[in-house]
Amino acid sequence: MDDFYTKDEQKKVKLQLDKLIQTCVKCQTDENKNLITKAFKLADRAHKGIRRKSGEPYIFHPIAVARIAAEEIGLGTKGIAAALLHDVVEDTDYTVEDIEKMFNPKIASIVDGLTKLEGFFDQTESQQAENFRKLLLSMVEDVRVILIKLADRLHNMRTLDSMPENKRLKISGETLYIYAPLAHRLGLYAIKTELEDLSLKYEHPKIYEDINNKVVASSLKQLSLINKFSAPIKDRLAFEGYEFEIKGRPKSIYSIWSKMQKKNLPFEEIYDVQAIRVVFKPHLNTSEKAQCWSIYAMITDLYKPKPDRLRDWISVPKANGYEALHATFMSSSGVWVEVQVRSRRMDEIAEKGFAAHWKYKENSEKESELDNWLKRIRELLENPDDDSLEFLDDFKLNLFASEILTFTPKGERVVLPNGATALDFAFEIHSDLGYRCIGAKVNYKLVPLSHKLKAGDQVEILTSKKQKPKWEWFDFVTTAKAKTRIKEAFKKERKKLVRKGEKALENYLTKKKLTINSKILKKLQNHYNAKNKDELYFKIGKGIIELSDASKILSDKPYNKWVKYWRLSFGKGKNIKEDDDEQPEVDKKKPLLLTDDKEQHKYTISTCCHPIPGDDVIAYQDGNEKLVLHNRNCKVAIKLMSSHGDRIVSAHWESQKLLSYIARINITGIDSLGIVSKLTKVISDDGNVNMRSIHIESHDGIFEGSIYLYIHHTKDLNNLILRLMKIKGIHTVSRQERMNE
Ligand code: MN
C-alpha cells in the first residue's frame with residue numbers, strides 16, 4: 001500500500017480483510033487464506049486511485065461485499081474471491097482471461113457472470129429484459145452469481161446516502177422490483193427484509209421514520225409480553241434437557257407498512273400480532289421432525305392451540321427450502337400468539353437460504369424443491385426468440401407467487417404457483433400434455449381446463465388428439481411455462497401458414513408467367529394492408545386473401561411516384577417543425593420544485609394515483625419530454641422507477657395555495673339522524689377545502705360513504721380527516737389513494 005491511502009484508511013482496510021478471513025468458516029486452510037489474499041491484492045491494485053461517491057477508497061466496497069457474502073450468505077472461498085473481484089473487469093483494464101490465468105476458470109466465470117449484469121437497468125427496456133435473461137442463465141449455471149449480486153446490491157443500498165436523490169429513487173425502485181423478490185425466492189429472508197426496509201427508507205423517509213419510532217416505542221411492552229408467554233415454555237424445554245433459544249419474531253418496517261396499505265389499518269392494529277420462535281438443538285436419538293412435533297405437544301399442555309392455524313412446513317418444505325412448524329396459541333393475556341418451532345439447522349436455512357442448503361447437502365432430498373425451481377427457469381430460458389419483455393413480467397409473477405403442492409395420479413409431487421389451473425398443471429408435466437388437454441379430473445371429479453387447483457389436489461389430465469392450443473387459454477393460464485409454450489405453438493402455426501401462403505402465391509404467379517419480386521409484393525401489401533411480406537403470406541395462407549382477385553390489382557397502373565415524393569417531403573417538413581417545438585431539457589440531477597407559478601407548470605398529474613401537494617412524489621419524463629407526477633408508492637411508479645430509472649426526476653412540493661387538487665376520502669360509521677348534515681357542516685366550515693361531491697349509502701344501521709374534495713395540500717386533508725373523526729358515530733375516515741377503484 002502506498003500514499004494513495006491515509007494512515008487511517010490503511011489500518012481500516014487491513015482490519016476489514018482480517019475480519020473477512022476470520023469470519024469465513026470455510027476459508028481456514030492456508031491454501032484458502034492465500035487465495036483470498038491474492039484476490040484482495042488484485043482488486044486493490046485494480047481499483048487503486050479511485051474513490052466512491054462517499055469519498056472512501058473504492059476497495060472498501062468489494063471487501064464489504066465479500067464480507068456480506070461470507071457472513072450473511074455463508075459462501076465459501078471461491079465465492080468470496082469472486083466477490084472481491086466483482087467490479088474488477090467492469091471498472092478496470094483487467095479482463096476475464098486475466099482472472100482465469102491468475103486464479104481459476106470457476107472464479108473467472110462467476111466474475112464474468114457478474115460483469116454482464118452491471119448497468120442492467122441503465123439500458124432500454126428490451127435490452128434490460130435480455131440482460132435479465134442472461135442474469136438468470138448465469139444463475140442457473142452457478143447460483144453464486146446471483147448471491148454475490150445480492151450482496152453487492154445490499155452494500156450499495158446500505159451506502160445509498162451519498163448518492164443524489166434521483167439515483168437513490170432509481171436504485172431503490174430496482175431493488176424493490178427485482179432484487180428483493182429474488183432474495184425472497186432464494187430464501188435469503190434477512191437480506192430480503194433489509195433490502196425492502198432500505199428501499200422504503202429512501203422512497204418514503206417520513207413514513208419510514210414514523211413507523212420506526214413507533215416500533216421502538218412499543219418494543220418494551222412487546223418484550224415483556226413475550227417473556228411472560230415464553231416463561232413456562234422455557235421451563236418445560238429445560239426440563240426435557242433441550243438447548244434452545246426463544247426470541248420474538250421481528251417484524252420489518254416494510255412489512256408493517258405494506259400491511260397497513262393493503263388492509264387500510266393503523267399501525268397499532270398491525271403491530272399487535274404476536275409471534276415467537278423456538279429454535280432448539282435436537283437430541284441425537286430421534287429425528288428433528290419428531291422433536292418439533294413433541295415440542296408442539298408440550299406447548300399444547302401449556303396453552304390452547306387454535307385448531308385451524310397449524311402449518312407443517314417440515315413434512316412439505318416451502319419451495320425456497322423453508323422448514324418449520326407454525327402453530328397459534330391463546331396466551332393468558334387473551335391474545336393469539338404464533339409459535340414457530342425449528343431446529344438450529346432449519347433456522348439457518350430460514351435466515352441464509354440456499355447457501356445454507358449446500359452446507360447440509362447430506363440431507364439431499366429436501367433440496368429438490370429448489371433444484372426444481374432452477375430447472376424450471378432453465379426450461380423457460382430454452383426458448384430464445386420469445387418476447388423478452390413479456391418474459392420478464394411473467395417471470396416476476398412467478399417470483400412473487402406463493403406455491404401449492406399438487407399430485408399426479410401416481411402420487412408424484414407437482415409444485416405450482418397459487419392460483420394455477422388444471423391447464424397449468426398439464427403444461428408443468430409436459431408441453432404435449434398441455435397442447436392436447438381437454439379437461440381434468442381433480443380428486444376424481446371432472447373439471448374444466450380453467451379449474452383453479454388447491455393445495456393437496458390430485459389431478460389427472462384428460463387429452464384428445466384433436467385438441468389444439470386456443471387463444472382463450474391465455475385468459476386463465478398463470479405459469480410462465482404454460483404461457484411460453486402456448487405462444488410457441490401459435491408462432492409455429494403462423495410460420496406454417498406463412499410458408500403455405502408463399503407457396504400459393506408462387507404457384508399463382510408461375511401460372512401468369514411471373515415471379516415474386518419486390519414490386520409485386522409492394523403492390524399487394526399496399527392493397528391488402530399488410531405491414532410486411534410475412535403478413536401478406538400469412539393472410540394468403542390463412543385464406544383471408546383470395547388470390548383470384550390479385551390479377552386485377554397487379555394489372556393496375558404502376559405505383560404513383562409523385563405520391564411517394566410528396567410523402568417524403570411532407571415527412572421531412574414535419575420533422576423540422578417538431579424540432580422547433582422541443583421542450584427545454586430537464587436537469588435530472590436537480591429535484592423538480594413544484595410551485596404555484598403557472599408558468600412553470602411543465603408537469604401533469606398522473607391519472608392512476610392522483611398525487612396531491614404534500615405526498616411523496618416522483619416525476620417521470622415521458623416520450624414527449626412531458627413530466628408526469630406519480631405517488632412514490634403507486635404501482636405504476638415503482639415499475640417506472642425500476643425500468644426507466646434514467647427518466648426519473650425527483651420532485652418536491654413548494655408552497656401550494658393557488659392550485660387545487662382532487663382527493664377522495666372514504667367514511668364509515670353508524671347511521672344516525674343527521675349524520676350527513678354534520679359531515680357537510682364540518683367540511684364547509686373548513687376554509688382550506690371544497691367539496692365536489694358526496695355519496696352515502698346505508699344499510700342495517702351502518703353507513704359507508706365517499707366524498708370528493710378539492711384541496712391544496714395533504715396537510716389540509718389530514719386536518720380535515722382528524723376533525724371528521726371527532727363526529728359522534730363516525731368509525732373510520734381514510735384517504736383513497738387510487739380513485740378509480
Ligand atoms: Mn459493486
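Positions are given from 1 along the sequence. Both backbone and side-chain heavy atoms feed into the values below; hydrogens, waters and symmetry mates do not. For ligands, and for the atoms within them, numbers begin at 1 and follow the listed sequence.
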Have a look at Asp87 and say which of its N, O or S atoms is nearest the Mn ion (ligand 1). OD2

Exercise: do Glu71 and Thr23 side chains pair donor with acceptor under 3.5 Å: yes

For Thr159, check side-chain hydrogen bond (donor to acceptor under 3.5 Å, both in side chains) against everything at least two apart and list the hits. Arg52

Can you list the residues that meet the side-chain contact (heavy atoms from CB on, under 4.5 Å) rule with Ser258, with sequence neighbours excluded? Tyr254

I'd like to know: is the Mn ion (ligand 1) within the 2.8 Å range of an N/O/S atom from His61, strictly under that distance? yes

Asp152 atom OD1 and His86 atom NE2 as seen from the Mn ion (ligand 1), angle to 10 degrees: 90°

Going by an N to O cut-off under 4.0 Å, is there a salt bridge joining Arg345 and Glu348? no

